[in-house]
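Just the heavy atoms: all of them, side chains too, but no hydrogens, waters or symmetry mates, feed the values below.
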Amino acid sequence: MSRRVRMWILAVGGLGFAALFAAACLRLPGFGGESHPYGDRAVRASLARHTANVIAAVNFDQRAFDTLGEESILFAAVLGTVVLLRQTREERQVPPAPARVPLSVRRYALVLLPVAVVVGLYVVAHGQLSPGGGFQGGIVVATALHLLYIGADYRALERVRPVGVYEVGDAAGEGAYLVLGLAGLIAGSSFLANTLIPYGTFNTLESGGFVPLLNMAVGMEVACAVVVLLAHFLDQAVEIEEEGGA
């Protein structure tokens, strides 16, 4: 196929997409109007399954399969980073030199570390009740651990960050999401169907059926994935040197 033909195919495809996109936009309800068909359906479905946070109901119930894709993108990105940043024959690992940290920075970092971890866990645990969830809480937990790098030194961070353990946690979080999805198929329903366990009492921690379980699986995967990701980048910056380099 010549370059000219490929450009014509691209142009025809682009024009077709533009026409369909314009037609879809013309059929959208007016901004700020009283008609919100998708929003109304999402709220009704969320309340029917006792999930107080409608966003969590959308992410982990109504479009839980899409969320699996988002989680898997992060999982694949971390896996690719681990492969690309692995130590090569031309590199050697050196012990990191201790750094001097101002007392004020050390004090505030070490005080904030447990607070940030608790806040992150709270955000994950209450994802079906209030703003936040597994993605947001997982990021908070992972970055909270790295306050040790800021407030102490790299060796202190390494003691609370055994990378192998977090790699297992990353895979376990991804696997737990898949297992919960397969449970629906095994029970004769559909993949990731929120129909297997009671929905619980509205606005309590055990409400929402599968929503809190999927939310926690994502929280584990995200927290561990970010720790592994930062670990390999920090290794390259702090420990890995070219053979014969400074």
Is any side-chain heavy atom of [X] less than 4.5 Å from a side-chain heavy atom of [Y]?
X      : Y      : result
Cys224 : Glu167 : no
Arg41  : Arg44  : yes
Val82  : Val228 : yes
Leu129 : Asn53  : no
Val227 : Arg161 : yes
Thr201 : Ser207 : no
His146 : Leu230 : yes

How many angstroms lie between [atom1] in [X] and [atom2] in [Y], if you round to the nearest 0.5 Å?
X      : Y      : atom1 : atom2 : answer
Glu71  : Asp170 : CD    : CG    : 8.5 Å
Leu147 : Leu112 : CG    : CG    : 6.5 Å
Asn59  : Leu68  : CG    : CG    : 12.5 Å
His50  : Asn194 : NE2   : CG    : 11.0 Å
Leu85  : Gln236 : CG    : CD    : 5.0 Å

Output the rest of the hydrophobic cluster of Tyr199: all Ile, Leu, Val, Met, Phe, Trp and Tyr residues reachable through side-chain heavy-atom contacts under 4.5 Å, sorted by chain and number.
-> none

Hydrophobic clusters here meaning ILVMFWY residues chained together by side-chain heavy-atom distances under 4.5 Å, can you tell me if [X] and [Y] are in one?
X      : Y      : answer
Met216 : Ile197 : yes
Phe60  : Leu185 : yes
Leu110 : Leu145 : yes
Leu196 : Leu182 : yes
Val118 : Val226 : no

Under the ring pair (Phe, Tyr, Trp, His ring centres under 6.0 Å) test, which residues partner [X], sequence neighbours left out?
X      : result
Phe21  : Phe17
Phe75  : none
Tyr122 : His126

How would you list all residue pairs meeting salt bridge (charged side-chain N to carboxylate O under 4.0 Å, His left out) that involve [range], not counting sequence neighbours?
range            : answer
residues 51-70   : Arg49-Asp61, Arg63-Asp66, Arg63-Glu70
residues 99-125  : none
residues 176-195 : none
residues 147-157 : Asp153-Arg155

Looking only at non-hydrogen atoms, find the nearest pair between [X] and [Y] and report the distance.
X      : Y      : answer
Ser189 : Ala193 : OG-CB, 3.2 Å
Leu157 : Tyr149 : CD2-CB, 3.9 Å
Val115 : Val111 : CG2-O, 3.6 Å
Asn203 : Ala52  : OD1-CB, 3.6 Å
Gly138 : Val124 : N-CG2, 3.8 Å

Using the test side chain to side chain contact (heavy atoms under 4.5 Å, CB included), find all partners of [X] that sit at least two apart in sequence or belong to another chain.
X      : answer
Pro102 : Ser104, Val105
Ser46  : Thr51, Val54, Ala57, Gln62
Ala144 : Ala116, Val117
Leu74  : Val78, Glu221, Val222, Ala225

Do we see a donor-acceptor contact under 3.5 Å between the side chains of Tyr177 and Asn215?
->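 Distance-only check fails for Tyr177 and Asn215.
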
Main-chain N/O of Ala24 paired with Arg27 side-chain donor or acceptor, under 3.5 Å =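 Not confirmed, Arg27 side chain does not pair with Ala24 backbone.
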
Quick check: are there more than 12 heavy atoms from other residues, nucleotides or ligands sitting under 6.0 Å from CZ of Phe202?
-> yes

Candidate pair Glu174 and Ser72, rule side chain to side chain donor-acceptor pair (under 3.5 Å), full reasoning = CA-CA 7 Å; Glu174 178 79 7; Ser72 299; 2.7 Å; yes

Stepwise, does the side-chain contact (heavy atoms from CB on, under 4.5 Å) test hold for Leu192 with Phe210?
-> CA-CA 8 Å; Leu192 289 169; Phe210 263 10; 5.8 Å; no

